[in-house]
Every structure is written in structure tokens, then in C-alpha cells.
2 protein chains.
Amino acid sequence: MDYADMGGKSPSPFLPLTRDGLVDRVANSLAEAILSGSLQPGDRLAESTIAKQMDLSRAPVREALRLLESSGLVDYKANRGFFVHSLSVEALEHLYELRIVIETASIRRLIASNHQEAVKALRAQLDHLHELSSTGVEMAPHVDADMQFHRLICHYSGNPRFLQVFDTTANEIKLSVIYTGRLYADPALIAQTHEPIFDKIAQGDAEGAVAAMEYHLSDARRIVTGMFRKNQESKQK
Amino acid sequence: MDYADMGGKSPSPFLPLTRDGLVDRVANSLAEAILSGSLQPGDRLAESTIAKQMDLSRAPVREALRLLESSGLVDYKANRGFFVHSLSVEALEHLYELRIVIETASIRRLIASNHQEAVKALRAQLDHLHELSSTGVEMAPHVDADMQFHRLICHYSGNPRFLQVFDTTANEIKLSVIYTGRLYADPALIAQTHEPIFDKIAQGDAEGAVAAMEYHLSDARRIVTGMFRKNQESKQK
DNA sequence: GTTTTGTCGATTGTCGACAATTTACTTGAC
DNA sequence: GTCAAGTAAATTGTCGACAATCGACAAAAC
């Protein structure tokens, strides 16, 4: 038997054996630190310091930082180095506007092509969200599951470019939620606000689903930017 | 192509005074080589070779290649290095679909906000295109001017994210045109096909402009993918 | 003859050191 | 006390060298 060319799911008895390079591990580690809030926006990310802390040279750290830059988690200024990405209210507005464009476009393509498969996956993800809502108070898992629902929509659009655009926005959206505190007073609301979108998609009602998504994202934008503004004001004084 | 240009307006009377770092110069140089066709898709881009040819060390070359990767000009495979980006027909279809989404969204936002300023800039760019059409037979300037028209639309959308998405697609689109040969038999047609879009925008007719843009991009997609297919077949034998 | 295994050359991955630049601090003048 | 210039420290930018990894070819086994 030839284990090399059995396309599809892992036919081999071995685990994927994730040979993540050093750079990826560094990037993941840094991303976690940023998304967990250990590092504040604007904080300097000195290469030497990080390299020393992780006990390796500056080269892989530098590459990891460049990677994070392209995913929007850090900013780079020539001859000045890397800093944890700082958000502004304007940037958030632009971000949500882009999300509306990409995710509504994804919905249209999704309904026109991959419908059956997509509905199944989205239903499963929604169920997962409902389960989560009864559990912990930790914010991160809820946000992740929320984002995953939206990501699935882009995935099942059938256009990898749509997913790519979504992914570039995803980290910044996560950042904004982390920094502004919880999105909804009750985590159970997260799952509920996605039901109307799913319903319309399941019915194959493209325009209805688009409208539901626009409403949902506009609402989220309103809440996030509102809290963001309040947060900044409280920091001023 | 200038990777340092952030697309914003220059408030000072002085030119940006591009203190391009070494990395940017290397990136520009490589981009030119790729977009001019000196390097063929799939060609290996060995760091040492490039470093020797440019008389510097591998570090800045490596960073430049990573930069080009994020702008879609080169592909990177772990432990194998960098290669000139290879296009597929499917990728092109996806790319044009994304362009339609972003550029039509840009048109809507543009007409709703920056209208006056945008119309002026677009008219100027169209005039420039017309002037070009009577001159040389070189393809690159026409393609650049064409892309610049579309880029202006994204720019005047007022949402930097839209422009950012456009820029990530721009290089690949350029590549496809370079590799498939001329888009239109007569360069004068390039300018003409953009007039309807401009007219509708100038009139403030959002839906009309969107329709014109969709028609234009669908047409371009049809031509490019068609020539691409033909090109590949001729390479087979 | 086909498949597996071993070896080699080439290329990327990582490292520590030095040069160039920026930032922070100190010093001095007003 | 405030501001400016000059100096020192810290940080990024670049370099050349070594280690790890990969692909291709050669050799051996079936």
C-alpha cells in the first residue's frame, strides 16, 4: 500500500506530525500574548528582548514579527521596530464596512453553489455556540466561536480570496473585542443574534440573509465602536 | 511600483523623500524583473544567487522576498524557498470575482461621499489613458494606467481597506496580463471601455456605474482567462 | 525492471557580531 | 525653568558563517 498518494482524509495511522517551523511557533506565541491582553496596544516589541526570552536568535523573531504584521497584529515602522497594533475608531468603522462587503458577497455565492454542505457546517457551529453560552465567563472562546461562524460563511463561498480577506480582518476584530471588553452583556445573546442569518441561508433566501448579516454586523459595529470610544475617554482622564 | 507609498495625501510641500530602505529597493527591483517578464512563473528565486547579483547579504533579500510574497508576486514553500508566483485559471476567476465585489462596493461609497474630488481625478486619469493610446506599443504603461483608474476608484471610496484589498490583487492581475499578452487588439479600446463607467459615476448613478463596472470586469475576465487557457495549451505540446 | 535505500550537493534555517540609526539622557546657554 | 545641542545607550539593519533540511541521483535489494 502506498501511503503517499491517498488523497482525502488521513489514511495513515500517524498523526499529522505538525512540523511547524520555529518561526510559526514564535508567531503563535506572540499572537497569543497579544490576543490575551498580556501585551497592550502600542507596546514596543523589541527583537532582542523577545529573542532572549525565547532563547533563540533575532532572525526567527524578526520573521515572526513580519508575519504578524501581515495579519494585522503588529505595526512596523522602519528603523524603529515593531509595536502591538493600535486600533482607532475610524479603522474599526472601515474594518466593519469591509466585513459587510465580503460576508454579504460570500453569502450570495454560498447560496448559489455550496448550499447543502454549508448549511450543515453552519448549523453545527451554531449548536456549538449555544453549548458554549451556558458555560464559562471567559470571553475568548465565545469570540473565537463567533468568528468561526463568520469564517465558515466565507469559506463556503467557494472563493479562497474571500476567506483570505476575512482572515486579514479577523485578528483586528478580535483585538477590538478583547480591548473593549465583552460584546454582549449575556454570552447567550451571541448565539441568538446569528440565528436569523442562518435561517435565511438555510431557506436559500439570499437577499434576506444579506439583510440579516448587514443588520447583525452594523449592530456589532455600533456596540464595539461605542465601547471603544467610552474606553478611550476613560483612559484620557 | 512603490511599496513605501501608503496612498495618503501629502500634507507637506515636500515630496515624501523616500528614504527607501535597502529592503524596499531590493523588492522593487525584483518586482520589476517579475512584472517585466524577465523571470518566468515557477522560476526559483534562490536567496544566495540574488544576494550575490545585487552584492549584498541574504538577510535583506530574504525580507524583500517575504514582502513580495504578501503582495502576491512570489510563492514561498517552507524549507524550499521562493518561486515566482504561478497563476491558474481558477485563481484568476476568483481574483476577478473579488475585484468585482471590492470595486463595485467602492463605487457605491465613492458616489455617496467623495464624489466631486473623485470625478475630477478619474477624468484626468481617463484623459491620460486616451493620450497613451496613440503612443507606443509597449504593453506595461497601458496596463499600469488601466489599473490606476481602478485603483483611484478604490482610493476615493474613502475606505483604506478597500484600497488595501485592491492592491493585493493588483500585482496578480498585472502578472496575468503580462503573461497572456495584450488584453485588447487595439490599446485605444482600453480607454474607451472605461468611459461608460466614468459617465455613470459622473452622473451620480450608483447602480448604473456598478452595472457598467460589472460588465467591464466580466468582459476582462473572459478575455484574460480565455487567452490564459490558450497559452497553457500551446505550452503543453 | 521496479522499488527501496543511501549518499551527495545545493538551498534554506539559524546564529552571533558589527554597523547604522534612533532614542534617551545630560549638559549647557539663555 | 525652558529649550537646544551634544553625547551615550539601546535598538534595528546588515553581514558572513555554520547547521539543518530537502531533492536528485546512485546503489542495492527484491
Side-chain angles (χ1 to χ4, degrees), chain A residues 1-6 11-14 16-30 33-34 39-70 73-86, chain B residues 2-4 6 16-30 33-34 39-70 73-86:
Chain A
M1 185 179 279
D2 188 353
Y3 289 97
D5 71 44
M6 292 193 66
S12 101
F14 303 110
L17 190 52
T18 166
R19 271 273 290 287
D20 268 0
L22 187 50
V23 172
D24 294 275
R25 273 179 291 167
V26 173
N28 286 334
S29 185
L30 283 168
I34 295 173
L39 295 167
Q40 288 296 308
D43 278 2
R44 170 170 230 123
L45 295 166
E47 298 171 8
S48 333
T49 310
I50 297 170
K52 229 175 291 176
Q53 288 171 346
M54 295 190 177
D55 192 42
L56 34 84
S57 90
R58 277 173 50 211
V61 174
R62 198 177 163 82
E63 290 210 19
L65 285 167
R66 279 235 125 107
L67 219 65
L68 293 178
E69 190 204 2
S70 67
L73 282 181
V74 311
D75 299 326
Y76 169 73
K77 288 166 189 165
N79 292 319
R80 304 223 343 157
F82 296 88
F83 303 83
V84 177
H85 180 61
S86 287
Chain B
D2 189 355
Y3 287 91
M6 285 319 189
L17 190 51
T18 73
R19 268 280 287 287
D20 269 0
L22 188 50
V23 172
D24 294 275
R25 273 178 292 166
V26 173
N28 286 333
S29 184
L30 282 169
I34 294 173
L39 295 167
Q40 290 296 307
D43 278 1
R44 171 170 228 122
L45 295 166
E47 299 171 6
S48 333
T49 310
I50 297 170
K52 231 175 289 176
Q53 287 170 346
M54 296 190 177
D55 192 43
L56 34 85
S57 92
R58 276 173 52 213
V61 173
R62 198 178 166 81
E63 291 209 19
L65 285 167
R66 277 237 127 107
L67 220 65
L68 292 178
E69 189 204 2
S70 67
L73 282 180
V74 311
D75 298 326
Y76 169 74
K77 288 166 189 164
N79 291 320
R80 302 229 338 141
F82 296 89
F83 302 83
V84 177
H85 180 61
S86 288

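What you see is a predicted model, and the numbers here were worked out from it, not measured in a lab.
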Give the intermediate values and the outcome of side chain to side chain contact (heavy atoms under 4.5 Å, CB included) for residues B/Val74 and B/Glu69.
-> CA-CA 5 Å; B/Val74 311; B/Glu69 189 204 2; 4.0 Å; yes
Rounded to whole angstroms, how far apart are [atom1] on [X] and [atom2] on [N]?
| X | N | atom1 | atom2 | answer |
| --- | --- | --- | --- | --- |
| B/Lys77 | D/dG23 | NZ | C1' | 13 Å |
| B/Glu47 | D/dT21 | CD | P | 16 Å |
| A/Asn79 | C/dT23 | CG | P | 9 Å |

Scan B/Leu65 against the nucleic acid and name what it touches under 4.0 Å (heavy atoms): base, sugar-phosphate only, or nothing.
-> nothing
Can you sort out which residues in residues 52-62 of chain A have a heavy atom within less than 4.0 Å of DNA chain C? Ascending by number, please.
->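 Correct list: A/Leu56, A/Ser57, A/Arg58, A/Ala59, A/Pro60.
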With distance as the sole test, does [X] use its side chain to make a donor-acceptor pair with the main-chain N or O of [Y] at under 3.5 Å?
| X | Y | value |
| --- | --- | --- |
| A/Asp55 | A/Lys52 | no |
| B/Arg44 | B/Arg80 | yes |
| B/Asn28 | B/Asp24 | yes |

Could you walk me through whether A/Val26 and A/Leu65 pass the side chain to side chain contact (heavy atoms under 4.5 Å, CB included) test, one step at a time?
-> CA-CA 9 Å; A/Val26 173; A/Leu65 285 167; over 6 Å; no
Output yes when at least one side-chain N/O atom of B/Arg80 is less than 4.0 Å from OP1 or OP2 of D/dG23, else no.
->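 Answer yes for this pair, as a side-chain N or O of B/Arg80 is under 4.0 Å from OP1 or OP2.
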Would you say B/Tyr76 reaches C/dG13's phosphate, i.e. side-chain N/O to OP1/OP2 under 4.0 Å?
-> yes
State which residues pass side chain to side chain contact (heavy atoms under 4.5 Å, CB included) with A/Ala59; sequence neighbours excluded, sorted by chain then number.
->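 If we apply the side chain to side chain contact (heavy atoms under 4.5 Å, CB included) test to A/Ala59, skipping adjacent residues, the hits are A/Ser57.
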Pick the nucleotide of DNA chain C nearest each of A/Arg44 and B/Thr49; which residue has the one closer to the 5' end?
->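 Nearest-nucleotide comparison on DNA chain C picks B/Thr49.
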